[in-house]
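Have a look at this one.
No hydrogens, no waters, no symmetry mates; every other heavy atom, side chains included, goes into these values. Just so you know, residue 1 is the first one in the sequence shown, and it goes up from there.
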Amino acid sequence: MHYSIAASGVGALASVVALAGVVGTAGAAEPVYLNDQNISVSLGASMSAEPFANRTTAESLANLIDAPSADAGELHTQPAHVWVSGGPLEVDFDFGMAYDLSTFHFWNYHSEAYDVDNIDLVFYDASMTEVGSLLGIEPALGNGTGSDSDPIFAEDFVAEFDGVRYVNAVLTGANGQVDFNNMGFTAVPEPGTVALLAPLGLALLRRRGRG
């Protein structure tokens, strides 16, 4: 399946520069939130080309990772949510480089009629070797109603896996509906990645400054 949403060229540059900025004086990296600014997502191999009930594949994949932060609230509106009717949703994440994960964040639908009831996550390193999994996640209903005064916030799950570049996710609903707002991850770039890319980020900053 070739449908995917990735960071733009400008976004990729921003990600490298931001990565340089998370390196402290002791060389340690700070946690970062992984969303549409620094990762990509595509349909999994089991999916048809246009599986979504209310939006195009391109629009739905963009909605899936567009939360600006792990603690951001989101209204459950037609333009904002992700909905597959009649079966599961499989998606593949590519982080672009290796990260040590700490948390998986999920914004579920607020009603039992359409919510996600189970999530299976499998984590892979850069060589596509499995490094771990979280199977049988049963997310709670979204805490809000999606109204202007009642946004939905993420539920957080511990996901401590090192050296992760790729994630396969399968979401299912007991009633055949898969409806939610966002998925995201909090992670720390692997030390070797930070050491390699931080000088590149600083060099790009200097080049842009001269331009």
Check: Going by heavy atoms in the side chains, are Val116 and Asp179 under 4.5 Å from each other?
Finding: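 Result no, sub-4.5 Å side-chain heavy-atom pair not found.
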Check: Would Phe180 and Tyr109 count as a close aromatic pair, with their ring centres under 6.0 Å?
Finding: no
Notebook entry, point to check: Hey, any chance Ile137 and Ile65 share a hydrophobic cluster, counting ILVMFWY side chains that come within less than 4.5 Å of each other, even indirectly?
Noted result: yes
Margin query: If you compare all heavy atoms of Asp150 against all heavy atoms of Leu75, which two are closest, and at what distance to 0.1 Å?
Written below: C-CD2, 4.4 Å
Checklist line | Connected via hydrophobic side-chain network under 4.5 Å: Phe161 and Val91 | finding: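 Yes; tracing contacts between hydrophobic side chains, which count when under 4.5 Å, links both residues.
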Next item on the list: Please round to the nearest 0.5 Å and tell me the distance separating atom OG1 of Thr103 and atom CG of Asp156.
Entry: 6.0 Å
Item checked: Intermediate values then yes/no, side-chain contact (heavy atoms from CB on, under 4.5 Å), Leu101 and Glu160 -> CA-CA 5 Å; Leu101 298 188; Glu160 295 180 340; over 6 Å; no
Next item on the list: Please examine the side chains of Pro68 and Gln37, heavy atoms only from C-beta on, and report whether any two atoms are closer than 4.5 Å.
Entry: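 Of all side-chain heavy-atom pairs linking Pro68 with Gln37, none is under 4.5 Å.
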Item checked: Gln78 atom CD, neighbour heavy-atom count above 12 within 6.0 Å ->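 Yes, the 6.0 Å shell around CD holds more than 12 heavy atoms from other groups.
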Notebook entry, point to check: Is there a donor in the side chain of Asn168 and an acceptor in the side chain of Glu90, or the other way round, less than 3.5 Å apart?
Noted result: yes
Next item on the list: Would you check if the distance from the ring center of Tyr114 to the ring center of Trp83 is below 6.0 Å?
Entry: yes
Margin query: Just so I know, are the side chains of Val158 and Phe104 near enough to count as touching, which here means a heavy-atom distance under 4.5 Å?
Written below: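 Not in contact.
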Notebook entry, point to check: What pair of heavy atoms forms the shortest contact from Val178 to Pro88, and how long is it?
Noted result: CG2-CA, 4.2 Å
Checklist line | Working for side-chain contact (heavy atoms from CB on, under 4.5 Å), residues Leu43 and Leu89 | finding: CA-CA 8 Å; Leu43 290 176; Leu89 171 63; 4.2 Å; yes
Checklist line | Non-hydrogen atoms of Ala140 and Asn108 that approach each other most closely | finding: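 Looking at all heavy atoms of both residues, the closest pair is O-ND2, 3.0 Å.
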Item checked: Point-to-point distance, once rounded to the nearest 0.5 Å, from CE of Met183 to CG of Asp66 -> 13.0 Å
Note to self: If you compare all heavy atoms of Asp117 against all heavy atoms of Ala174, which two are closest, and at what distance to 0.1 Å?
What the structure shows: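 It is OD2-N, 2.6 Å.
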Check: Has the side chain of Asp100 got a donor or acceptor atom that lies under 3.5 Å from a matching backbone atom of Gly163?
Finding: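 Such a contact is found between Asp100 side chain and Gly163 backbone.
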Check: Is Phe157 reachable from Val122 through a run of hydrophobic residues whose side-chain heavy atoms are each under 4.5 Å from the next?
Finding: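 Cluster IDs for Val122 and Phe157 differ.
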Note to self: Please determine whether side-chain contact (heavy atoms from CB on, under 4.5 Å) holds for the pair Phe123 and Asp162, giving the CA-CA distance in whole Å, both sets of side-chain angles, and the decisive distance to 0.1 Å.
What the structure shows: CA-CA 9 Å; Phe123 304 92; Asp162 293 343; over 6 Å; no
Checklist line | Audit row: Ile119, Leu121, side-chain contact (heavy atoms from CB on, under 4.5 Å) steps and yes/no | finding: CA-CA 6 Å; Ile119 307 172; Leu121 301 174; 3.8 Å; yes
Notebook entry, point to check: Does Asp125 offer a backbone N or O that forms a donor-acceptor pair with the side chain of Thr129 under 3.5 Å?
Noted result: no
Checklist line | Sidechain-backbone polar pair: Glu190 side chain, Tyr99 backbone, donor-acceptor under 3.5 Å | finding: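 Flag not set: sc Glu190 to bb Tyr99 has no pair under 3.5 Å.
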Notebook entry, point to check: Has the side chain of Asn35 got a donor or acceptor atom that lies under 3.5 Å from a matching backbone atom of Ala67?
Noted result: yes
Next item on the list: Answer with yes or no whether the hydrophobic clustering places Val188 together with Tyr124; edges join I, L, V, M, F, W, Y residues whose side-chain heavy atoms lie under 4.5 Å apart.
Entry: no
Check: Between Tyr33 and Phe185, is the gap from one ring center to the other below 6.0 Å?
Finding: no
Item checked: Donor-acceptor under 3.5 Å (Asn118 side chain, Thr172 main chain) ->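 Checking the backbone N and O of Thr172 against the side chain of Asn118, no donor-acceptor pair under 3.5 Å is found.
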Item checked: Between CZ on residue Phe95 and CG on residue Leu34, distance to nearest 0.5 Å ->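 The CZ atom of Phe95 sits 5.5 Å away from the CG atom of Leu34.
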Check: Hey, quick one: are Val131 and Val167 part of the same hydrophobic cluster, counting side-chain heavy atoms closer than 4.5 Å, chains of contacts allowed?
Finding: yes
Checklist line | Whether Asp92 side chain and Ser42 backbone form a donor-acceptor pair below 3.5 Å | finding: no
Notebook entry, point to check: Per the side-chain hydrogen bond (donor to acceptor under 3.5 Å, both in side chains) rule, which among Asn63, Asn54, Asn181 passes with His81?
Noted result: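 Answer after filtering Asn63, Asn54, Asn181: Asn54.
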Next item on the list: Give the minimum heavy-atom separation between Ala126 and Tyr166, together with the two atoms involved.
Entry: O-CE1, 3.7 Å
Next item on the list: Would you check if there is a donor-acceptor pair between the side chains of Thr57 and Glu50 at a distance under 3.5 Å?
Entry: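 Yes, side-chain donor-acceptor contact under 3.5 Å.
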Item checked: Polar side chain donor-acceptor pair, Glu74 to Asn182, under 3.5 angstrom -> yes
Note to self: For Ala154 versus His105, what's the shortest heavy-atom pair and its separation?
What the structure shows: CB-CB, 4.0 Å
